[in-house]
Amino acid sequence: MKKWVKRSMGAALLAMTAVGLTACGSSKSASDSDVPTLLMYQIGDKPKNYDTLISKTNKILEKKTKAKIKIQYIGWGDYTQKMSVIVSSGEKYDIAKADNYAVNAQKGAYTDLTKMLPKYAPSAYKDLNSAYIKGNKVDGKLYTMPINGNVYAQQVVSFNKKYLDKYNIDVSKINSYKDLEDVFAKFHSENKKVLTFSTGPTFRIGSNLDFVIDQDYPFAVDAVNKGKKIINPYNNTQYKETLRTMHDYYKKGYIQKDAATDNTDRPLSGDTWFARQETQGPFDYGDHQLSQTAGQEIVSRPMSPAVKTTAQAGMYNYVVSNNSKNKVKAVKVLGVINNDPELLNGLIYGEKGKAWKYVDNKKRVKLLKGYKEKYHSAPWQTGDNNKITPTTDVTSTMIQERKDNISKSIDSPILGFQFNTKNVKTEMTNISNVMNKYLAGLQTGTSDPDTTIPKMNKELKKAGYDKVQKEMQKQYDEFQKNGNNK
C-alpha cells in the first residue's frame, strides 16, 4: 500500500468494523425474515465501540431498507489472501471491499450493478463524480458502488513548517523537484542531524504521466497531453531528468544513504524530517488534513498535476457478491450508507453526544472530548465524503476551493482502461522481477539513471517488454477507438 494511503489511514484509520473472524461464512437472517442481516467484509481494525456504532447504523438501515448489516473485519495484511479464498471457494457473503476488482468482476464474482444502482440506490449513484463510473467500468459494465471522495490525486512535497520558520526558508515558488535545490541546500547546511528529504523503498516521483497498471510497472501515457501511446517512462525526457535530480540530491546527502532499503518510520508528528512526499486529494483541503494528522503545521508544494485516474476511481470499492441471496437489499444498503448524513456522521465521528454534536443549524460538527482514535471510522473507506457534515474548522472557502479543484482536475486519457494480461502473464511476471531489482534505487536517487536505465531496459527487453507493450497498445487503441477515453 502506498505511503500516502498509510498516512490517511493512520489519521483516521478505523473504518466501520467487525465482529471477530469466527463466523466466516454465509449471512444470517434476523428473527424477522423480512429483515435479513447482511454480511459485509471490510479491511482494517475493529473500532472499540463497534457494538454502539453498528446498533445506531442498523436502526437507520432497518428503517430505510428493511435490512441490517454485520461487518466482519479482516486485517490489512490478510485481506487480499482471505478474500481470494472466499471468492475462489464461492463462500457466501453480501457486501465487501473489492479486491482485485477488474479480474474478479470478469470472473463473475461480483454482481453487475449497472442497472441496479440507478434503480435501488438512485441518490447515491446520481451524486457520484462521473470519473468513478468511467474508471470502474469493466467491459462496459459497472460492478461497484465506489466511495465518492478523493477523486483525483496530486503528488506534493510537504515541509515541516517549524523548520521553515526557524531557518527563514521560503518555499512559495517551488513547483518542481529541480526547484528544491536551493531550499534543500540551505536546510542541509544549517541542520545535518535532521533528514533533509525523507524517502524510502516505496517512494515514487510525481510526474505528468499516468501508469497503466501502477508505478511499479514501466508502462505509462502522458496524462496532461492526452497521450495516445504507451511509453516506457524511463525513456521519457522529463521523467528521466527528475530521476537525475533525485540522484544529485542523493549524492549531496539530502537523501538518506540507505534510502532504497530504509523502512524507518518517520511520523508526520515528529521532527526527524524537513521534507517528505505526500499525496493529496480534494477532501484533504490543501494542507488542512495533513496538518491535523501531524498535530503540527505542514506546508506543501505540488510536484504533479491533479489527475483523475483509474487508481483513484477504484480507491475504495464496495461490491455485492454474485452469490448473495439479498442482492437488491445489499444495493439499497449501499445506497443509504453513501447517502445518509446522520448514518455517516455516526460512523465517521463516533457516538453522537459523546464524540460530537451539531452546531450552526447542522451545517457543522463540533468534536467533543469523547472523539478519540479507535472509536470511529475513516471517511475514505466508509461512504460518500460529500455527505459527511464538515467539522467547524472546515470553512466555506475551503469547501468552495475543493469543488473548484475537482472541476479543474484532469481526466487521465487511460481513465477506465483495464489492461487484460491474459496473453502476457509470463512476461508480466518477468518484467516485475526486473523492476524489483532497479525500482527503489532509481526512484530514491540511489542509482545513477544514466548508467542504470540502459541496463534495466536491456533486461526488460529480454523479459518480454516489447510483447507486453504491443499487446497493451493494441488494447489501448481499441479503448480509444470505442471512445472510452472521452
Side-chain angles (χ1 to χ4, degrees), residues 98-118 128-146 151-153 207-236 239 305 307-315 317 319 322 409-432 434-435 457 460-461 463-486:
D99 185 71
N100 205 6
Y101 169 68
V103 172
N104 282 329
Q106 289 173 326
K107 287 180 178 179
Y110 304 145
T111 300
D112 179 2
L113 303 181
T114 311
K115 295 180 180 179
M116 293 183 73
L117 284 177
L128 279 174
N129 187 290
S130 60
Y132 284 106
I133 298 172
K134 184 177 180 180
N136 282 298
K137 281 192 173 180
V138 178
D139 298 328
K141 296 180 179 180
L142 188 65
Y143 294 86
T144 176
M145 176 70 221
V151 68
Y152 71 72
S207 69
N208 288 343
L209 305 179
D210 185 19
F211 290 73
V212 177
I213 301 168
D214 59 39
Q215 213 162 337
D216 291 356
Y217 286 87
F219 303 95
V221 298
D222 185 332
V224 174
N225 297 304
K226 300 188 181 301
K228 297 182 180 300
K229 296 296 181 182
I230 306 292
I231 65 168
N232 179 343
Y234 295 92
N235 293 333
N236 175 267
Y239 197 81
V307 181
K308 301 187 191 89
T309 66
T310 301
Q312 284 304 115
M315 183 55 62
N317 283 346
V319 290
N322 226 354
S409 60
I410 302 168
D411 277 16
S412 168
I414 53 172
L415 176 63
F417 176 56
Q418 303 281 357
F419 177 53
N420 190 328
T421 63
K422 181 178 64 175
N423 296 328
V424 289
K425 285 184 177 180
T426 299
E427 290 79 9
M428 290 295 290
T429 299
N430 295 340
I431 288 170
S432 178
V434 173
M435 294 307 296
N457 282 345
L460 284 173
K461 188 174 184 66
Y465 183 90
D466 292 342
K467 180 180 178 181
V468 175
Q469 186 182 38
K470 183 178 180 180
E471 176 65 23
M472 193 176 285
Q473 187 66 55
K474 176 184 175 182
Q475 293 183 29
Y476 183 39
D477 288 344
E478 189 66 24
F479 176 79
Q480 295 176 85
K481 180 181 177 182
N482 292 334
N484 292 312
N485 63 331
K486 294 179 180 179

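Basis for what follows: all heavy atoms, side chains included, without hydrogens, waters or symmetry-related copies.
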Evaluate side chain to side chain contact (heavy atoms under 4.5 Å, CB included) for Phe419 paired with Glu471, printing each intermediate quantity in order.
CA-CA 9 Å; Phe419 177 53; Glu471 176 65 23; 3.9 Å; yes

Kindly indicate, with the supporting measurements, whether the criterion side chain to side chain contact (heavy atoms under 4.5 Å, CB included) is fulfilled by Ile213 and Met472.
CA-CA 11 Å; Ile213 301 168; Met472 193 176 285; 4.2 Å; yes

Evaluate the side chain to side chain contact (heavy atoms under 4.5 Å, CB included) criterion for residues Leu460 and Asn430: first the C-alpha distance (whole Å), next the side-chain angles of each, then the deciding distance (0.1 Å), finally the verdict.
CA-CA 8 Å; Leu460 284 173; Asn430 295 340; over 6 Å; no

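In this structure, the side chains of Glu427 and Tyr465 stay at 4.5 Å or more apart for every pair of heavy atoms. The closest side-chain heavy-atom distance from Ile414 to Gln480 is not below 4.5 Å. Looking at heavy atoms from C-beta onward, Val307 lies out of side-chain contact with Gln312 at the 4.5 angstrom threshold. Residues Tyr234 and Met435 form a side-chain contact, since some pair of their non-hydrogen atoms from C-beta on lies under 4.5 Å apart. Residues Lys467 and Val424 are in side-chain contact: their nearest non-hydrogen atoms beyond the backbone lie under 4.5 Å apart. The closest side-chain heavy-atom distance from Asp112 to Met116 is not below 4.5 Å. Using a 4.5 Å heavy-atom threshold, the side chains of Lys308 and Ile410 count as separate. Contact check for Tyr110 versus Asn322: no side-chain heavy atoms found under the 4.5 Å cut-off.
With hydrogens and angles disregarded, a donor-acceptor distance shorter than 3.5 Å links the side chain of Thr310 to the backbone of Gly416. The backbone N or O of Val103 lies less than 3.5 Å from no partner atom in the side chain of Asn100, so there is not a single donor-acceptor pair. Side-chain atoms of Asn129 do not come within 3.5 Å of backbone N or O of Tyr132 as any donor-acceptor pair. With hydrogens and angles ignored, the 3.5 Å screen pairs no side-chain donor or acceptor of Asp210 with any backbone N or O of Val221. Thr309 contributes no side-chain N or O that, together with a main-chain N or O of Ser412, makes up a donor-acceptor pair within less than 3.5 Å. For Gln473 (side chain) and Ile230 (main-chain N/O), a donor-acceptor pair under 3.5 Å exists by modelled atom type. Side chain of Thr111 to backbone of Leu113: no donor-acceptor contact under 3.5 angstrom is found.
Here the straight-line distance linking atom CD of Gln469 with atom NZ of Lys461 works out to 9.5 Å at 0.5 Å rounding. From Gln475, atom CD reaches atom CG of Asn423 across 7.5 Å, with rounding to the nearest 0.5 Å. We find the CG-NZ distance between Asp477 and Lys228 to be 9.5 Å, quoted to the nearest 0.5 Å. Interatomic distance, NZ of Lys137 versus OH of Tyr143, reported as 11.5 Å (0.5 Å rounding). The CG atom of Asn236 sits 5.0 Å away from the CG atom of Leu209 when rounded to the nearest 0.5 Å.
Take Asn317 and apply the side-chain contact (heavy atoms from CB on, under 4.5 Å) test, not counting sequence neighbours, and it matches Ala98, Tyr101, Asn136, Thr144, Pro146.
Between Phe219 and Phe211, a ring centre-to-centre spacing not shorter than 6.0 Å is recorded.
Under 3.5 Å, the side chains of Asn457 and Asn232 contain a donor-acceptor pair of N or O atoms. For the residue pair Thr114 / Lys141, no side-chain donor-acceptor distance below 3.5 Å is found, with atom types taken as modelled.
Contact between Pro413 and Tyr476 at its shortest, heavy atoms only, is CB-OH, 3.5 Å.
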